[in-house]
Amino acid sequence: TSGAASIRDVSNHSCMTKEHQETPKPNRMDRRLQRTRGKLIEGAKKVFSQKGIDATSVHDITEEADVGIGSFYTYFPTKDDIVAGVAAERLATHAATVAEHASNYDDATVSTVMGARTLVHLLLREETFDWLLERPHILVREIQANVAPIAIADAKHGVEQGAFNTDVDDPRSQMMLIWGLVGFIATARETGLIEDADKIFARAQLRLLGADEPQIDKLMELPLPDLG
């Protein structure tokens with residue numbers, strides 16, 4: 001199995017169904033529920049960006065979204081749940097972009113470094129990141145759910161290819177990378193030191209995975225695809 005296939009398999013895993021099973025089309029009620037949820041998510045993003053998470057009330061969100069406060073609790077039991085909803089939405093979008101770009105490479109070391117660099121590039125420009133840091137445990141949880149499976153699948157392929165020697169199933173290593181990513185992005189944004197930040201993080205990740213320095217130096221010379 002190629003590295004590209006492993007990434008595509010993981011990124012598409014949540015969409016897989018039993019063979020020949022058809023997904024029912026959403027009816028009018030389903031569409032209305034999705035629209036209401038979307039309005040709440042967008043309203044929360046706007047108010048969080050203006051006031052921060054801690055200073056925002058559920059009433060603020062429902063007023064901005066023009067949705068009844070009772071409807072809010074139909075979708076989100078607590079304010080933290082809508083924070084998680086916003087984080088999941090943004091990270092799922094970024095994960096799809098990471099998977100798309102990384103899947104262009106069969107070499108697991110190349111797809112790993114391109115995936116890491118792509119993610120850092122996107123998060124450095126993510127408008128919601130600053131206020132999501134008010135709930136870092138939620139941000140870490142959503143990165144673990146939306147992004148980590150892609151990176152883990154490709155790292156495993158790198159182990160199979162003999163390029164990496166780290167036990168990527170070890171949850172301690174996984175969480176060290178995720179928390180490290182969050183802290184790295186937060187520091188880069190706070191200090192304005194974003195030049196080559198994607199390369200710096202990717203180099204650290206490759207070292208943790210056990211790649212050798214000459215190989216890492218060569219990988220750092222590869223150009224990052226145009227991400228817009």
Side-chain angles (χ1 to χ4, degrees), residues 7 44-46 48-56 83-102 105 109-152 154-155 158 164 166 168 171-211 213 215-228:
I7 291 175
K45 286 166 62 176
K46 185 172 181 178
F48 288 160
S49 67
Q50 295 170 343
K51 302 178 66 172
I53 292 173
D54 286 332
T56 296
V83 175
V86 172
E89 178 191 71
R90 300 303 303 142
L91 288 167
T93 299
H94 293 331
T97 303
V98 169
E100 177 185 357
H101 285 282
Y105 309 97
T109 59
V110 177
S111 55
T112 295
V113 73
M114 287 304 175
R117 290 182 61 192
T118 298
L119 181 61
V120 169
H121 178 92
L122 293 171
L123 290 180
L124 281 171
R125 292 153 181 82
E126 172 54 57
E127 61 181 10
T128 67
F129 194 91
D130 288 337
W131 48 261
L132 282 174
L133 281 173
E134 295 177 33
R135 297 289 193 278
H137 62 288
I138 292 176
L139 185 57
V140 165
R141 186 182 71 201
E142 296 304 327
I143 290 174
Q144 186 177 23
N146 289 279
V147 180
I150 300 170
I152 291 169
D154 212 39
F164 304 145
T166 299
V168 295
R172 295 168 298 182
S173 297
Q174 294 175 15
M175 293 309 293
M176 180 165 55
L177 268 175
I178 295 171
W179 277 102
L181 170 65
V182 170
F184 179 84
I185 297 296
T187 302
R189 288 171 64 109
E190 182 179 343
T191 61
L193 298 174
I194 63 174
E195 185 176 359
D196 291 332
D198 58 310
K199 289 185 177 182
I200 293 170
F201 182 81
R203 182 180 289 273
Q205 180 179 4
L206 290 170
R207 285 171 174 161
L208 181 63
L209 290 171
E213 288 298 320
Q215 180 188 35
I216 293 174
D217 290 338
K218 185 176 180 180
L219 289 167
M220 291 302 107
E221 295 175 2
L222 297 172
L224 189 66
D226 181 16
L227 297 172

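Not measured: the values here are computed from a predicted model.
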Closest heavy-atom pair and its distance - [X], [Y]:
| X | Y | result |
| --- | --- | --- |
| A155 | L209 | CB-CD2, 4.1 Å |
| I216 | R203 | CG2-NH1, 3.5 Å |
| F201 | A116 | CD2-CB, 4.4 Å |
| V182 | F129 | O-CZ, 4.0 Å |
| L124 | A197 | CD1-CB, 3.7 Å |

Tell me which donor-acceptor pairs under 3.5 Å the side chains of residues 87-96 have, and how far apart each pair is, sequence neighbours excluded?
{"residue": "R90", "atom": "NE", "partner": "E126", "partner atom": "OE1", "Å": "3.1"}
{"residue": "R90", "atom": "NE", "partner": "E126", "partner atom": "OE2", "Å": "3.3"}
{"residue": "R90", "atom": "NH2", "partner": "E126", "partner atom": "OE1", "Å": "3.1"}
{"residue": "T93", "atom": "OG1", "partner": "E89", "partner atom": "O", "Å": "3.1"}
{"residue": "H94", "atom": "NE2", "partner": "E126", "partner atom": "OE1", "Å": "2.7"}

Heavy-atom distance under 4.5 Å between the side chains of I178 and M175, does that happen here? yes

Can a donor-acceptor pair be found, under 3.5 Å and without considering hydrogens, that links the side chain of [X] to the backbone of [Y]?
| X | Y | value |
| --- | --- | --- |
| R189 | L123 | yes |
| T56 | K51 | no |
| D198 | V120 | no |
| S49 | K46 | yes |

Kindly compute the distance separating [atom1] ([X]) from [atom2] ([Y]), expressed to the nearest 0.5 Å.
| X | Y | atom1 | atom2 | answer |
| --- | --- | --- | --- | --- |
| Q205 | F184 | CD | CZ | 11.5 Å |
| L206 | T166 | CG | OG1 | 10.5 Å |
| I185 | H121 | CD1 | NE2 | 11.0 Å |
| M114 | L222 | CE | CG | 4.5 Å |
| Q50 | K45 | CD | NZ | 13.0 Å |

Give a yes or no on this: more than 12 heavy atoms of other residues, nucleotides or ligands lie within 6.0 Å of atom CD of E190. no

K199 and E221 ion-paired at < 4.0 Å: no

In residues 142-152, what donor-acceptor pairs under 3.5 Å come from side-chain atoms, sequence neighbours left out?
{"residue": "E142", "atom": "OE1", "partner": "N146", "partner atom": "ND2", "Å": "3.3"}
{"residue": "N146", "atom": "ND2", "partner": "E142", "partner atom": "O", "Å": "2.9"}

Report the residues that fulfil side-chain contact (heavy atoms from CB on, under 4.5 Å) with E134, sequence neighbours left out, ordered by chain and then residue number. I53, D54, W131

Start with the C-alpha gap between L133 and L139, add the side-chain angles, then the distance that decides, and say whether side-chain contact (heavy atoms from CB on, under 4.5 Å) holds. CA-CA 7 Å; L133 281 173; L139 185 57; 4.0 Å; yes

